[in-house]
Each structure stands twice: as structure tokens, then as C-alpha cells.
There are 2 protein chains.
Amino acid sequence: MERELLLLGLLRRGDNYGYHLHDFINKYMASCTNLKKATAYYLLDKMVERGWIEQKDDDSDSNYPPRRIYSLTEAGEAAFQKLLRENLSQLQPVYFTGDIGLAFLDVLDAAEARALLQQRYQAVTERLNHLEANAPKHEGAPQWVLEHHMRFLQFELSWLTDLLTRLEGV
Amino acid sequence: MERELLLLGLLRRGDNYGYHLHDFINKYMASCTNLKKATAYYLLDKMVERGWIEQKDDDSDSNYPPRRIYSLTEAGEAAFQKLLRENLSQLQPVYFTGDIGLAFLDVLDAAEARALLQQRYQAVTERLNHLEANAPKHEGAPQWVLEHHMRFLQFELSWLTDLLTRLEGV
DNA sequence: GCCCATATGGTCAGTTTTGACTAGTCAATT
DNA sequence: AATTGACTAGTCAAAACTGACCATATGGGC
């Protein structure tokens, strides 16, 4: 239900279109979840059925394609409050798909393994630099989310450094 | 394709049943990916179609329910080699669904926010203790995977500690 | 010898997710 | 005034995933 929590939380700040909700998540919360546009609409539909949010056609200025505006109901607010507390109080699972490769490191000779991991190190560095450079632009992004993400990338760099030195000794 | 890489890598160590492959992943690689049994069979089927692996009925000792044994083909070995290098050289995305709650921390009063995050801290600690306690039992687990996971949990603890002290100042 | 819990091995209908698409708007070039 | 590229808004058929289920086996306690 994390993605529902996210959509509810954003709608709580004001009525919005599916398009904008997805766009915001994609721009500023990409480190939290991977939510495609079609999935966003799917989830919104489901929440309408559950009565957590309402949908009305927006035929105000029709320069734009016809669109629906979503808004939170009271049931939705209650669901948000519940989901928020659950999310904060528990440890949410995190999956390191990059560790799958590490499980098979012994397949490669040490030199190539190091070379590949150095490429990964480079990729992490670039990611971090990019985040730092664009940090001011990301005022829309919730502060803690961005900071946690950047610290995590730093953690990954130190882990990789450590791993690389240990692989040298082999 | 990370899950395919994982299945291929395990099959590379020896022919195996779908059941065992899933079981191993669930026990020792749960931090890398979330792979349900039915999904494992689905992926195995697809890889058979692609010619990466072969399936033969195992009617050897029929005490057990009928079962199929999977084995790597040459095409599968080639795919494994390619996927392994891709996985190691790139930065694989990691999603922090726990950060969604952080984005809405301002909804709660500071005291409750701290209390909830302290519960999360407790949950992380328990997770870490559990891993440490069972570490010897996890000889099957690839060394780096386990170590990365434990270090990550320690990182999370320090992040939470820092966050909590900063929330006190509010 | 019987019952129950757990383990083995796998299937399938239903749910969830997504790539690719439609279709119009706006602003800047050409 | 036609072309291009980027943005707005949403849809749909196909692909991927999963909860719940079936069937047998094995071991232990009573």
C-alpha cells in the first residue's frame, strides 16, 4: 500500500489530475518507488472504487484534453492516517538487485571483477554529483527523501571502496 | 533481468528443480529480490522458451511428486555472462518505500513522529540482531550479499539516529 | 497404526503492471 | 503557415505476477 499512501498524501495537499500526480512522483520521489503512469491511473481507479478518493470531470477550460480531477474523501483521509503510521513505524523492505552480481563474483577473474566494480563506482559517483547539482532545483522534493537518498549513495561508495580493496588481496 | 541472472547463476552451479531454486533464493537471497514461487516457475518457463535452459522430467525415484529438472544450455551460459557483467558494472536502482512516510512527516506532531520512528529503529535493530544471530547458519548465503545487507541496516540505524536528534530540535 | 505438522513439487485463475499508443496544445523554428 | 519537439492527458491489449490451492511424503508424538 505504499504507493497508495503516496498518492493519498499528495491529494491531501490539494485536488489534482492523475497526470500531475504521476509527474511529481516521477520527478521528486523516484527514489521511493517506481510508479508508471498507467499504474498510477490503475491505483487511482481502485481507490475511487474503495471510496478513498473522488473523481470529477474537469470541463473548465477545454483547451486541454478532457481530464479528471481527483480529491480525497474522509475515508481516504482515514486511510492515509493509518497507512502513514504503519509506514513510519515499520521497517520497509529494500531490495538490492545489484547484489545478485556480487553473489557470482567468483565466476570472473579478480582483475575483471575489479574493473567492472570500478565502473559501478563511477556510475554511483555520477548519480550523486547529478543529485547534488540539481538539489536546489528540487525544492519540490521532500527534504528527508532527498537527503536519505544522497547519504545512501555515499554509503554505497564507501562499501564499494571497501569491497575493492578487499578484492585486491585475492 | 536480474532475477533471470540469479536463476541462471544458480543453475550454473548444478542442475536443479524449480522448488529448490526458489527455496534457496528465499532463504539466502531475500535481500536481493522478492521472488515468489509461482513467479520463479514463470521465469523458468520463459527461459526454456528462449533456449537458455532445458527441462527434463525426472522420473527417477518416484517417491516424490513428479518434477522437472532444469539445466543450463550454452545459450544460457552466454546470457549469464552478459547479464553478470551488466549487473556488476551498473548502478542498479534501489527503492526506499520507507521514505514515503518521511515525505509526510509534517502531518504529525513532532512527539508522535519521533515515537513512530523509534519503533522503526527498534524494528531495524531486531532485524540486524536476527541476521547476526543466524549468520553462521547462512553458510549457503553468498558472503558479500549478507555483509552488504548487514552494513546497510547499520547505515539505516545511524540515519534514523541522526533524523531523531534533528527532529528534537523542532 | 493414526494424526498432525512440515516439507516437496507444482498449477492456475485472477490481479497487477506496463509498453506502446492516441490525440490534442503550445512555442519556437524555418 | 508548415514542421518540429516537448508537454498534457489518458487508454488498452498484452505481459508479468501472485494468492490460494492440490497432491504426496516424511517424521514424530501419542
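Between the C1' atom of D:dG10 and the CG atom of A:Leu35 lies a distance of 14 Å, rounded to the nearest Å. Rounded to whole Å, the distance from CD1 on A:Ile69 to P on D:dT8 is 15 Å. As rounded to whole Å, 18 Å separates atom P of D:dC7 from atom CZ of A:Phe24. The distance between atom CD1 of B:Ile25 and atom C1' of D:dT18, rounded to the nearest whole Å, is 16 Å. Between A:Tyr95 atom OH and D:dC17 atom P there is a gap of 13 Å when expressed in whole angstrom units. Atoms OH (B:Tyr17) and P (C:dT11) sit 15 Å apart, rounded to a whole Å. Summarising the geometry, the separation between CG on B:Asn34 and P on D:dA16 is reported as 17 Å, rounded to the nearest angstrom. Counting to the nearest Å, the C1' atom of C:dT18 and the NE2 atom of A:His22 are 11 Å from each other.
Near-neighbour residues of DNA chain D inside residues 36-53 of chain B, defined by a heavy atom below 4.0 Å, number-ordered: B:Lys36, B:Ala38, B:Thr39, B:Tyr42, B:Leu43, B:Lys46. Looking at residues 2-13 of chain A, you'll see that no heavy atom sits under 4.0 Å from any atom of DNA chain D.
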Point to revise | Worked check of salt bridge (Lys or Arg N to Asp or Glu O under 4.0 Å) between A:Glu112 and B:Arg85 | key: CA-CA 9 Å; A:Glu112 184 174 14; B:Arg85 284 167 176 79; 2.6 Å; yes
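A:Leu7 and B:Leu105 fall within the same hydrophobic cluster, defined by Ile, Leu, Val, Met, Phe, Trp and Tyr side-chain heavy atoms under 4.5 Å apart, directly or through other members. B:Leu8 and B:Val145 are not part of a single hydrophobic cluster, where members link through side-chain heavy atoms under 4.5 Å apart.
Between the side chains of A:Gln118 and A:Gln122, not a single donor N or O lies within less than 3.5 Å of an accepting N or O.
Dashed line: the shortest gap from a side-chain N or O of B:Arg68 to OP1 or OP2 of C:dT11 is under 4.0 Å.
A donor-acceptor pair under 3.5 Å is formed between the side chain of B:Arg120 and the backbone N or O of B:Gly98.
Of the candidates B:Tyr95, B:Phe96, B:Phe152, B:Phe152 is the only one forming a ring pair (Phe, Tyr, Trp, His ring centres under 6.0 Å) with A:Phe96.
Ring planes of B:Phe104 and A:Phe80: perpendicular class, angle over 60° (limits at 30 and 60°).
Residues B:Leu117 and B:Leu163 share a closest heavy-atom pair of CD1-CD2, 4.0 Å.
Legend: side-chain hydrogen bond (donor to acceptor under 3.5 Å, both in side chains) pairs involving residues 39-51 of chain B, not counting sequence neighbours: none detected.
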